[in-house]
> 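Let me give you the structure first, and then I'll get to my questions.
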Amino acid sequence: MAVAAAWSGSGGLDDRVPFLARLESEDREALLGLGRELSFPARSALMHQHEPSSHVLLILHGWTKVTASAENGYEALLALRGPGDIVGESAALTGRPRSATVTALAPVRASAIERGSFREFVAHSPAVSLELLGLTSDRTRAADQRRLEFASMSVRERFAVLLLDLLHTHGRRTEAGIEIDVPLSKQELAGAVGASREMVQRLLKDLRARGIVVTGRRTLVIVRPGILRRIAGTTFPETFDPRVGPAASPSPSGTSAL
């Protein structure tokens with residue numbers, strides 16, 4: 001089954017430039033000057049779904065996951081956000097409660113800007129406003145494309161595409177294979193492809209039995225990416241240069257306007 005561009009290298013989980021990289025240097029420095037730097041330990045929450053908005057965060061170092069929970073307890077992984085990304089901007093601009101939870105995957109440093117200061121800065125900076133609008137548009141378009149493509153794929157195919165995309169955006173070459181350098185649980189992987197934890201567990205068991213992946217506690221190493229490409233039916237490149245740990249470029253996609 002063919003996979004559209006949103007999941008074939010130009011899109012997917014890493015298809016955009018982070019917010020700070022979109023700004024001119026003067027605007028970037030001025031915006032950062034409004035904030036105060038905060039540190040968050042791994043697995044701690046930076047923001048909580050449904051809480052009122054009081055500030056936005058500009059991520060300076062480290063990676064986070066963006067998740068949303070339904071009333072029945074199902075949790076979906078919407079995106080990964082890293083250096084240069086902004087989180088909490090939607091709630092700050094609209095005054096609505098936050099739509100998702102942001103959690104540190106590793107130690108994170110971020111600049112916190114109070115909601116009033118952020119709104120005033122954006123209101124008086126047309127260039128920044130346009131870049132923020134462009135970021136929102138890119139996130140929405142990527143999420144829409146993902147939903148469209150996933151609707152035509154089986155869970156097995158969706159899961160293979162997700163692993164390949166994570167391999168390209170967060171792959172780190174090791175002696176054992178290519179390690180996905182972000183610690184995601186089975187529930188979080190399930191939430192990223194619209195499946196149950198039990199289904200993902202069965203899929204991983206099959207991939208392990210076939211020698212395609214090796215798993216541990218919050219670790220995942222891809223040994224035979226070529227088999228994943230055949231499962232996904234996509235045209236990911238046969239070779240690539242894995243990053244040595246997560247790069248300081250945009251993190252995964254999804255919609256995560258908080």
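Keep in mind that this is a model prediction, so the values were computed, not measured.
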> Show me the pairs that pass salt bridge (Lys or Arg N to Asp or Glu O under 4.0 Å) and involve residues 29-38, at least two apart or across chains.
Glu37-Arg109
> Below 4.5 Å, heavy atoms only, C-beta onward: do Val108 and His61 meet side chain to side chain?
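No; the side chains remain at least 4.5 Å from each other.
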> Show, in sequence, the C-alpha distance, side-chain angles and deciding distance for Val87 and Phe19, and conclude whether the side chain to side chain contact (heavy atoms under 4.5 Å, CB included) test is met.
CA-CA 10 Å; Val87 292; Phe19 180 59; over 6 Å; no
> Give the intermediate values and the outcome of side chain to side chain contact (heavy atoms under 4.5 Å, CB included) for residues Val193 and Leu189.
CA-CA 7 Å; Val193 295; Leu189 293 171; over 6 Å; no
> Out of curiosity, Ser185 OG to Leu77 CG, how far, rounded to the nearest 0.5 Å?
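Reported value, rounded in 0.5 Å steps: 8.5 Å.
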> Inspect the contact between Arg22 and Asp138 and indicate whether a charged nitrogen and a carboxylate oxygen are less than 4.0 angstrom apart.
yes
> Report the residues that fulfil side-chain contact (heavy atoms from CB on, under 4.5 Å) with Ala76, sequence neighbours left out, ordered by chain and then residue number.
Tyr74, Leu78
> Holding to side-chain contact (heavy atoms from CB on, under 4.5 Å), I want the full list of residues that pass it with Ala123, two or more places apart in sequence or in another chain.
none
> To the nearest 0.5 Å, what is the distance between OG1 on Thr64 and CD1 on Ile59?
3.5 Å
> State, to 0.1 Å, how close Thr101 and Met47 come at their nearest heavy-atom pair, and which atoms those are.
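Answer, listing the atom of Thr101 first, then Met47: CG2-O, 3.1 Å.
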> Less than 4.5 Å apart, any side-chain heavy atom of Thr136 and any of Ser90?
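Of all side-chain heavy-atom pairs linking Ser90 with Thr136, none is under 4.5 Å.
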> Can a donor-acceptor pair be found, under 3.5 Å and without considering hydrogens, that links the side chain of Asp27 to the backbone of Glu24?
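No, Asp27 side chain to Glu24 backbone: no donor-acceptor pair under 3.5 Å.
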> Got a salt bridge between Asp144 and Arg141, using NZ or NE/NH1/NH2 to carboxylate O under 4.0 Å?
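The answer is no: the pair does not qualify as a salt bridge.
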> Looking at Gly216, is its backbone amide N or carbonyl O close enough to the side chain of Thr219 to form a donor-acceptor pair, meaning the two atoms are under 3.5 Å apart?
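Yes, because the side chain of Thr219 sits within donor-acceptor range (under 3.5 Å) of the backbone of Gly216.
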> Kindly list each side-chain donor-acceptor pair under 3.5 angstrom involving residues 196-205, sequence neighbours excluded, with atom names and distances?
residue: Ser196; atom: OG; partner: Met199; partner atom: N; Å: 3.0
residue: Arg197; atom: NH1; partner: Gln201; partner atom: OE1; Å: 2.9

> Mind checking side-chain contact (heavy atoms from CB on, under 4.5 Å) for Arg115 and listing every partner two or more places apart, or none if nothing turns up?
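For Arg115 the side-chain contact (heavy atoms from CB on, under 4.5 Å) partners, ignoring immediate neighbours, are Ser53, Ala92, Arg119.
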> Could you state the interatomic distance from CG (Leu163) to CD1 (Ile180), rounded to the nearest 0.5 Å?
6.5 Å
> Carefully, step by step, assess Leu31 and Phe118 under the rule side chain to side chain contact (heavy atoms under 4.5 Å, CB included).
CA-CA 8 Å; Leu31 184 59; Phe118 179 73; 4.2 Å; yes
> Before giving the answer on side chain to side chain contact (heavy atoms under 4.5 Å, CB included), spell out for Val17 and Leu135 the whole-Å C-alpha distance, their side-chain angles and the decisive distance to 0.1 Å.
CA-CA 8 Å; Val17 177; Leu135 174 68; over 6 Å; no
> Are any of the side-chain heavy atoms of Leu228 and Leu207 separated by less than 4.5 Å?
yes
> What pair of heavy atoms forms the shortest contact from Glu149 to Met153, and how long is it?
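Taking every non-hydrogen atom into account, O-CG, 3.2 Å.
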> Which heavy atom of Ser111 sits nearest a heavy atom of Gly35, and at what distance?
OG-CA, 3.4 Å
> Who are the salt bridge (charged side-chain N to carboxylate O under 4.0 Å, His left out) partners of Asp206, not counting sequence neighbours?
Arg210
> Roughly how far, to the nearest 0.5 Å, is the CD1 atom of Ile113 from the CG atom of Leu58?
4.5 Å
> Hydrophobic cluster membership, with links at side-chain heavy-atom distances under 4.5 Å among I/L/V/M/F/W/Y: are Leu130 and Val128 in one?
no
> Is there any salt bridge (Lys or Arg N to Asp or Glu O under 4.0 Å) pair reaching into residues 43-60, and which pairs are they, with sequence neighbours excluded?
Arg43-Glu188, Glu51-Arg98
> Does Thr169 reach the side chain of Val182, with side-chain heavy atoms less than 4.5 Å apart?
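In short, these two side chains do not touch, never coming nearer than 4.5 Å.
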> At what distance, to the nearest 0.5 angstrom, does CD1 of Ile227 lie from CD1 of Ile222?
12.5 Å
> Between the side chain of Arg28 and the main-chain N/O of Leu20, is any donor-acceptor distance below 3.5 Å?
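Indeed, once roles are kept as given, a pair shorter than 3.5 Å links the two residues.
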> Quick check: closest heavy atoms across Ala100 and Thr67, and the distance to 0.1 Å?
CB-O, 3.2 Å
> Should Val155 and Arg158 count as side-chain neighbours, where that means a heavy-atom distance under 4.5 Å?
yes
> Does Glu131 have any side-chain hydrogen bond (donor to acceptor under 3.5 Å, both in side chains) partners at least two apart in sequence or in another chain, and if so, which?
none
> With ILVMFWY side chains joined below 4.5 Å, transitively, what does Val214's cluster contain besides itself?
Val221, Val223
> Holding to side-chain hydrogen bond (donor to acceptor under 3.5 Å, both in side chains), I want the full list of residues that pass it with Arg208, two or more places apart in sequence or in another chain.
Thr215
> Arg139 and Ile86: which non-hydrogen atoms are nearest, and at how many Å?
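That closest heavy-atom pairing would be NH2-O, 3.1 Å.
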> Can you name the nearest heavy-atom pair linking Ser44 to Pro41, along with the distance?
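Heavy-atom minimum between the residues: OG-O, 2.6 Å.
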> Tell me every residue that passes salt bridge (charged side-chain N to carboxylate O under 4.0 Å, His left out) with Glu75, counting only those two or more places apart in sequence or in another chain.
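Partners of Glu75 under the salt bridge (charged side-chain N to carboxylate O under 4.0 Å, His left out) test: none.
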> Does any N or O in the side chain of Ser125 come within less than 3.5 Å of the main-chain N or O of Ala127, such that one atom is a donor and the other an acceptor?
no
> Roughly how far, to the nearest 0.5 Å, is the CD atom of Glu179 from the CG atom of Leu166?
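Going from the CG atom of Leu166 to the CD atom of Glu179 covers 12.5 Å.
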> For Leu148, check side-chain contact (heavy atoms from CB on, under 4.5 Å) against everything at least two apart and list the hits.
Gln145
> Side-chain contact, heavy-atom cut-off 4.5 Å: Trp63 with Arg81?
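No - every pair of side-chain heavy atoms lies 4.5 Å or more apart.
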